[in-house]
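Worksheet for the structure shown next.
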Amino acid sequence: MSWILEAQKPYYITTPIFYVNAVPHIGHLHSAVLADTFKRFQELKGRRAILSTGTDEHGLKIQQAAQQAGLKEIELCDKVSQHFKDLFDAANISYTTYIRTTEPRHAVAVRELWDQLWARGYIYKGQHEGWYSVSDEAYYPSTQVEEKTNEKTGEKYHIATETGKQVEWTTEENYKFKLSAFTDKLTEWLDQNPEAILPKGRHQEVQGWLKSGLADLSISRPKSRLTWGIPVPGDDSHVMYVWMDALTNYLTVTGYPWKDLSKDEKAVCGWPADAQIVGKDILRFHAVYWPAFLMAAELAPPKTIIAHAHWTQSKMKMSKSIGNVVDPFTAMKEFGTDTIRFYLMNDGGLADDADYSSEMVTARYRKLLAGQLGNLLSRSTSVALNPSSLIPSAPETDNIHADDMLLREKMQRLQSTVDEALSGYRTTQATQAIFDMLAEANAHFSFAEPWKLVKDPSKKDRLDVVLWHTLEAIRLSALMLQPIMPSKTSEILDQLDIRKDERSWEFAQLGRGWEIEREKRRVVIGGPPMFPPLNATK
RNA sequence: GGCGGCGUAGCUCAGCUGGUCAGAGCGGGGAUCUCAUAAGUCCCAGGUCGGAGGUUCGAGUCCUCCCGCCGCCA
């Protein structure tokens, strides 16, 4: 009964929505490819899946940036939002919803959530004073503020230690959310769901935050200062704080407030999210504020929050001032979309920052994609070894050699290994298992020396057994790499004449290729390299 | 300062509940096949598993302390 409902509910995964005050960098792409990989994995397993991404467009920074650029806010948003969309299109991110916080439907959702919190008494009007930084759009506790003296004028001023931006003592009236009332509930949630936040270290980190207690959260700004935002319902003199606004996007995507939906329709709207991908820098918003808002509205928190680490370059944090920001458009143009997707999933850090380098991308391409996968495809579909382009039949037990056993065992185990890895959001484990099997397939091929077998007609049976195992290894790895490299794997499976309806997860088992009409099928022999050499310059 | 984590071959890292756990990949060195994208395959690393104690028949694997990193919080 419960699993029936579970099965009906689509898998819902989100990326953060990206703030339009900056251009896309490799970290944004990393979030998106993670989400896309897991979404495609679920679809491969036959579950309907929703993937949402989009842009966060309100707030003072946008208001200011637009002013400086001489644009209307929405014009600036349109432009940058499109830029992000272009990136995700170029990266083959199969989002089902591209949400923008300036859309009317989003305002509806945000106002509804506000009303829900208000009706339940979790919002109150309070006086807020403290050190406020206009450019950071944030208040800082006095412990995080330092006094400085202007050397020329002798005037004293204050800055936020963390960002170095100037702060001023400010008093204003704010609406506040009773976050403090949720400390216990959040703690309970995390205690009962030890994998609610991945990786484990982040889970512990959030538990640590809760241990020291939570203060109420200011969730509005006076309109006198911030106009570019969603007005507080019933009080036009206040505009909602950007995070309150932004986080709600995950509900907007599901059609919240679900007013006109039947019970059945509501059950399949997607909420609660199965996975929410975030960068580690925005964990607090997603793992504390967001679940608290949801609990306050009596909605379920997301099932899993995955906080990934960042990319560094030469071990240094990427930043504009150092000029070491990796442009994802350039990278994909240079190496190919699927190469970058593979690199991000194979080398990207979940717990720890990973170092990005073109040399490493090149190395992965040469050794793994071209050297192992591409090359094995070429050698097993060569004109010399299989001029007929026929697909050998799956070998009878009697024809299986002792030399085939190790490869067969690895192929047999691979599906569950990869399934377990991707289900646990560990992409590196998945790619490593696949390429470990491929390496074995290359070794098996070399050891069997099919180029000798082909010269001896009496060895035809053995040749077929060797070729079959090799083609099968490629089929399995391409099939399971589909979530990570959708385009290239599609080409490979095409070349092997695997039908579209034979590419789902259930076919990722040894012997489940070419099950019907095998004799009619043909592999493409002597085709061009699947992963041709990169331009010699790098 | 408090809490948490980490420190394993040149590099990046696997090593769950203690007993083939001293490993993989890359880089480097050597050899080799020729089906293939000069790709592939095979062999080679003798690293005190940060240091010192302790528990145990037995410890990268548990405990204590020290050193060095990193994260979060203050």
Side-chain angles (χ1 to χ4, degrees), chain A residues 140-145 161-162 197 199-215 279-284 287-288 307-310 312 314-315 317 343 346-357 359-387 403 407 417 420-421 424 426 428-429 431-456 459 463 466-467 470-471 473-474 492 525-536:
Chain A
Y140 291 96
S142 50
T143 50
Q144 285 182 40
V145 169
T161 312
E162 190 187 336
I197 301 168
K200 196 172 227 70
R202 299 295 166 200
H203 191 92
Q204 293 172 311
E205 194 171 302
V206 177
Q207 285 178 313
W209 294 340
L210 297 175
K211 217 166 277 178
S212 46
L214 298 170
K280 63 178 182 179
D281 54 312
I282 52 174
L283 183 60
R284 175 183 289 276
V288 179
H308 68 256
H310 294 156
T312 57
S314 311
K315 304 284 181 192
K317 202 170 167 178
Y343 175 69
N346 187 62
D347 291 76
L350 215 53
D352 300 307
D353 290 353
D355 203 49
Y356 182 97
S357 79
E359 290 72 24
M360 192 54 83
V361 178
T362 305
R364 297 303 186 217
Y365 184 89
R366 286 199 179 139
K367 291 298 288 188
L368 298 177
L369 299 182
Q372 289 290 331
L373 179 55
N375 190 228
L376 190 62
L377 178 64
S378 293
R379 22 188 359 199
S380 60
T381 58
S382 70
V383 178
L385 297 185
N386 186 8
D403 302 337
L407 174 59
T417 304
E420 200 177 311
R426 294 181 298 270
T428 303
Q429 217 172 75
T431 56
Q432 282 181 356
I434 292 167
F435 277 88
D436 177 66
M437 186 279 280
L438 276 173
E440 186 55 43
N442 262 305
H444 170 264
F445 190 92
S446 293
F447 190 78
E449 302 184 307
W451 52 91
K452 287 182 182 165
L453 301 174
V454 76
K455 288 172 185 156
D456 182 349
K459 304 263 176 70
L463 175 64
V466 172
L467 281 182
T470 307
L471 293 171
I474 298 165
I492 292 169
I525 57 168
M530 189 56 65
F531 297 95
L534 294 165
N535 295 337

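Lettering follows sequence order; numbering is per chain, from 1. What you see is a predicted model, and the numbers here were worked out from it, not measured in a lab.
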note: A/Leu385, atom CG; B/rG40, atom P; distance rounded to Å ~ 17 Å
**Asked** Base, sugar-phosphate alone, or nothing: which one does A/Phe435 contact when heavy atoms must sit under 4.0 Å apart?
**Response** nothing
If pairing means Watson-Crick or G-U wobble with both distances under 3.5 Å, then the partner of B/rU48 is none
I'd like to know if the side chain of A/Ser382 and the backbone of A/Gly526 have a donor-acceptor N/O pair within less than 3.5 Å. no
Between A/Ala363 and A/His444, the residue closer to the 5' end of RNA chain B by nearest nucleotide is A/Ala363
Paired to B/rC42 by Watson-Crick or G-U wobble criteria (both distances under 3.5 Å) is B/rG30
Is any side-chain N or O of A/Lys211 closer than 4.0 Å to OP1 or OP2 of B/rC73? no
Distance, C1' atom - from B/rC26 to B/rC35, rounded to whole angstrom
26 Å
- At under 4.0 Å between heavy atoms, what does A/Phe445 touch on the DNA or RNA strands: base, sugar-phosphate, or nothing? base
Q: Look only at the side chain of A/Tyr365 and the backbone of A/Pro533, and say whether a donor-acceptor pair between them is shorter than 3.5 Å.
A: no
A/His310 atom NE2 is separated from B/rC70 atom P, nearest whole Å, by 17 Å
Within-4.5 Å side-chain heavy-atom neighbours: A/Leu385 and A/Val466
no
Under a 3.5 Å limit on both distances, the Watson-Crick or wobble mate of B/rG4 is B/rC70
Across every strand shown, the nucleotide meeting Watson-Crick or G-U wobble geometry with B/rG53 (both distances under 3.5 Å) is B/rC63
Whole-Å distance, A/Leu368 CG to B/rA24 P, equals 17 Å
When rounded to whole Å, the NZ to P distance for the pair A/Lys280 and B/rC73 reads 12 Å
Atom CH2 of A/Trp451 and atom P of B/rU41 are separated, to the nearest Å, by 11 Å
* Tell me what A/Ala439 touches on the nucleic acid: a base, only sugar-phosphate, or nothing, going by heavy atoms under 4.0 Å. => sugar-phosphate
Out of B/rG5, B/rU37, B/rG40, minimum distance to the side chain of A/Ser446 belongs to B/rG40
Taking only the C1' atom of each, what is the distance from B/rG28 to B/rC62 in whole angstrom?
38 Å
So CG of A/Asn375 and CG of A/Leu369: to nearest 0.5 Å the spacing works out to 12.0 Å
Rounded to whole Å, CD of A/Glu359 lies from P of B/rC11 at a distance of 18 Å
Rounding to 0.5 Å, atoms CZ (A/Phe447) and CD (A/Glu440) come to a distance of 11.0 Å
* Distance, C1' atom - from B/rU20 to B/rC63, rounded to whole angstrom -> 26 Å
B/rG27 glycosidic conformation (syn if within 90° of 0, otherwise anti) is anti
Of the listed B/rG71, B/rA36, B/rG4, the closest approach to the A/Glu205 side chain comes from B/rG71
Judged by nearest nucleotide, the residue sitting upstream toward the 5' end of RNA chain B, A/Ser212 or A/Lys455, is A/Lys455
Taking a pair to mean Watson-Crick or G-U wobble geometry with both distances below 3.5 Å, B/rC11 pairs with B/rG25
The single option from A/Asn442, A/Leu368, A/Ile492 that satisfies side chain to side chain contact (heavy atoms under 4.5 Å, CB included) with A/Leu373 is A/Ile492
*What is the nucleic acid contact for A/Gly374, judged by heavy atoms within less than 4.0 Å: base, sugar-phosphate only, or nothing?*
base
Looking only at B/rC73, B/rU37, B/rC42, the nucleotide nearest the A/Ala443 side chain is B/rC42
Interatomic distance, OG1@A/Thr431 vs CG@A/Asp436, rounded to 0.5 Å, equals 11.0 Å
Presence of A/Arg284 side-chain N/O under 4.0 Å of B/rC73 phosphate oxygens OP1/OP2:
yes
To the nearest angstrom, the CD1-C1' distance between A/Ile197 and B/rG4 comes to 14 Å
Please classify the nucleic acid contact of A/Ser382 as base, sugar-phosphate, or nothing, using heavy-atom distances under 4.0 Å.
sugar-phosphate
Closest of B/rC35, B/rG40, B/rG25 to the A/Asn442 side chain is B/rG40
The nucleotide from B/rG25, B/rU37, B/rC72 with an atom nearest the side chain of A/Trp209 is B/rC72
**Prompt:** What distance, rounded to whole Å, do you find between the two P atoms, one in B/rC13 and one in B/rG30?
**Reply:** 29 Å
*Quantified in whole Å, what is the C1' atom distance between nucleotide B/rC65 and nucleotide B/rG46?*
31 Å
Query raised in the report: So what does A/Met360 touch, heavy atoms closer than 4.0 Å: a base, only the sugar-phosphate, or nothing?
Result: nothing
- How far does the P atom of B/rG18 sit from the matching atom of B/rA24, given to the nearest Å? 24 Å
**Prompt:** Does B/rC26 have OP1 or OP2 sitting under 4.0 Å from an N or O in the side chain of A/Gln372?
**Reply:** no
Side-chain atoms of A/Lys367 come closest, of B/rU37, B/rC26, B/rC35, to B/rC26
Rounding to 0.5 Å, atoms CD (A/Glu449) and CG (A/Leu463) come to a distance of 12.5 Å
Practice prompt. Provide the distance between the two P atoms, one in B/rC44 and one in B/rG25, to the nearest whole Å.
Written response: 12 Å
Checking B/rC73, B/rU34, B/rG40 against the side chain of A/Arg379 (C-beta onward), the nearest is B/rG40
Any strand, both distances under 3.5 Å, Watson-Crick or G-U wobble: B/rG18 pairs with none
When rounded to the nearest Å, what value does the distance between C1' atoms of B/rC21 and B/rC16 take?
13 Å
From CD1 of A/Ile525 across to P of B/rA36 the rounded distance in Å is 11 Å
Notebook entry, point to check: Do the rings of A/Tyr356 and A/Tyr343 sit parallel, tilted or perpendicular, given the 30° and 60° boundaries?
Noted result: perpendicular
